[in-house]
Enquirer: 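Let me give you the structure first, and then I'll get to my questions.
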Amino acid sequence: MTSGRRAVRWLTWLAPALVGVLFLMVWEIWVREAGIPPYIVPAPSRIATTLARDWPLLSASLLVTVRITLVALAAAVVIGVSTAFLFVQSRAIEVSLLPYAILLQVTPIVAIAPLIIIWVDDPGTALVICATIVALFPMISNTTLGLRSVDPGLLDLFRLYGAGRWQMLVRLRVPSALPYFFAGLRVSAGLALIGAVVAEFVAGTGGTSSGLAYQILQAGLQLNIPRMFAALFLIAATGVCLFAVASLLSWLALHRWHESAR
Amino acid sequence: MNASAPSGPDDELAIALRDVEHTYASGTRALQPTTVDVRSGEFVSIIGPSGCGKSTLMRLVAGLEQPARGRVSRHAGLRIAYVFQHPTLMPWARVRDNVRLPLELAGRRRQDIDRVVDDALVQVGLTEFSDAFPRELSGGMQMRVSIARALATEPGLLLMDEPFGALDEITRERLDRELLELASRRNLTVLFVTHSLHEAVYLSTRILVMSPRPGRVTGELAVPDALPRPDDFRVSERYARLCGRLGAMLKAAAGT
């Protein structure tokens, strides 16, 4: 039974890895055999060597993008959670503010970014603001939902034993909201990265600090397709890492008691 | 009229409901004028069909609902504990911390809490599991935690709303026996809701029969046999006769 389960766990790692390797092999062979030039589609080996050769340049850009993403994510968590707390304190506040939160969510960031970039002098700050806007909504909606999703029996219990408003919040609503919060965090982590990259594309200018989107733009202009792929790979890898870290945090907080993290 | 004056009309009375009526916000009439007394040391069961307002009655006693009409009085300083139909444990907290909750909310001293909680866990036989999380326990054990949490408050009145209804027959019989032992050892005053007339007769000193919705008390059966009752009480002829009588009362209540 346990050996069977272990085999399944191995398979969940092995099977996708195998598909990946197979895909890269087919890609490599196809590019070589068909004689496709690297400025159309570079071979995986070519992308890897470019990544190694351009590492000083690309790693600096990676750092910029990661920094913008993490600052934006932190801001989204702080603002999102505070807003959610505000919402559950009073229906009136929620009803008056929620439409604007939704408005912010449904308006494409590409459309707002130029304004923000004009208004905010520091391009780094402008990009953080754009990425925060993109990442914000899941934090607000999930945390609000979580703070409201309290077992009515436990609510009765707390009332019966004379819990105050503050005790209800800290000892009942906050723990009940944790699974929802972490589900939101996983979505927001990816969105913060998307926001950071998209906003930099719109900004178009590297300024003193140029992120991976700028490298892709520049490489595109120079028809340096291998470098484009290398930068793209780094963005994707960053997204996967963010998701993994968010999942790990969620697991650490929930695995002892919540079904989702079994 | 929704007074919960902290003075009972009689020193012996734990709670007294006088002509209490209740209608939910949805307009559903849950209770017709109902009068119920529970004296200290009694084990009173309420029995009736589903939706007859038994749970509403319990919630009124606990103060979780206010009566539309009538009066609920509680003995001065009466501490009420409530064991719900489901264990209602905080899934993120260990067994020990679940039992501590009401004492911490009441602002009791830490050393006090430790002693009382340890004692409550001994009473329900869960000392070894004090560091477990609720989901690591079986349904019956979770219910024991819920009972320990209620006992830890040293209640003057223990409300139990079909506490063993979701458990299998074997576990249920064992918990019934344990509860009866606890009730007589600690001289508990209990108001107990159940569907099962066998459970009602086995546990109670007095049984109230309720009619279908909107509910009211239509009959009362006393079971004067001393607590705790011997194991063979459940197979005695007297027990069977009492169950038969209660069954007839239930049928009559359903007919009205």
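Letters A, B, ... mirror the listed sequences (proteins, then strands); counts begin at 1.
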Enquirer: Where on Leu103(B) is there a heavy atom nearer than 4.5 Å to chain A: the side chain, the backbone, both, or neither?
Expert: neither
Enquirer: Select one option (side chain, backbone, both, neither) describing which atoms of Ala93(B) are under 4.5 Å from chain A's heavy atoms.
Expert: neither
Enquirer: Describe, in one word, how the ring planes of Phe43(B) and Phe192(B) are oriented to each other, choosing from parallel (under 30°), tilted (30 to 60°) and perpendicular (over 60°).
Expert: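 Rings of Phe43(B) and Phe192(B): tilted, as their planes differ by 30° to 60°.
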Enquirer: What part of Gln85(B) is in contact with chain A, defined as an atom under 4.5 angstrom from a non-hydrogen atom: side chain, backbone, both or neither?
Expert: neither
Enquirer: So among Phe181(A), Tyr180(A), Phe85(A), which one has a side-chain contact (heavy atoms from CB on, under 4.5 Å) with Leu147(A)?
Expert: Phe85(A)
Enquirer: Inspect the surroundings of CZ in Phe23(A) and state if more than 12 heavy atoms from other residues, nucleotides or ligands are less than 6.0 Å away.
Expert: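 Atom CZ in Phe23(A) is not crowded, with 12 or fewer foreign heavy atoms closer than 6.0 Å.
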Enquirer: Check each atom of Arg79(B) against the heavy atoms of chain A and say whether the ones under 4.5 Å are side chain, backbone, both or neither.
Expert: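 For Arg79(B), neither part sits under 4.5 Å from chain A.
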Enquirer: Is it the backbone or the side chain of Tyr82(B) that comes under 4.5 Å from a heavy atom of chain A, or both, or neither?
Expert: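 It is both, since atoms from each part get that close.
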Enquirer: Checking Leu178(A) against chain B: side chain, backbone, both or neither under 4.5 Å from a heavy atom?
Expert: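 Contact with chain B involves no heavy atom of Leu178(A) at all.
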Enquirer: Is a side-chain N or O of Gln32(B) found less than 3.5 angstrom from the main chain of Arg216(B), in a donor-acceptor match?
Expert: no
Enquirer: Ion pair present between Arg109(B) and Glu104(B), side-chain N to carboxylate O less than 4.0 angstrom?
Expert: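 A salt bridge is absent here (no side-chain N lies under 4.0 Å from a carboxylate O).
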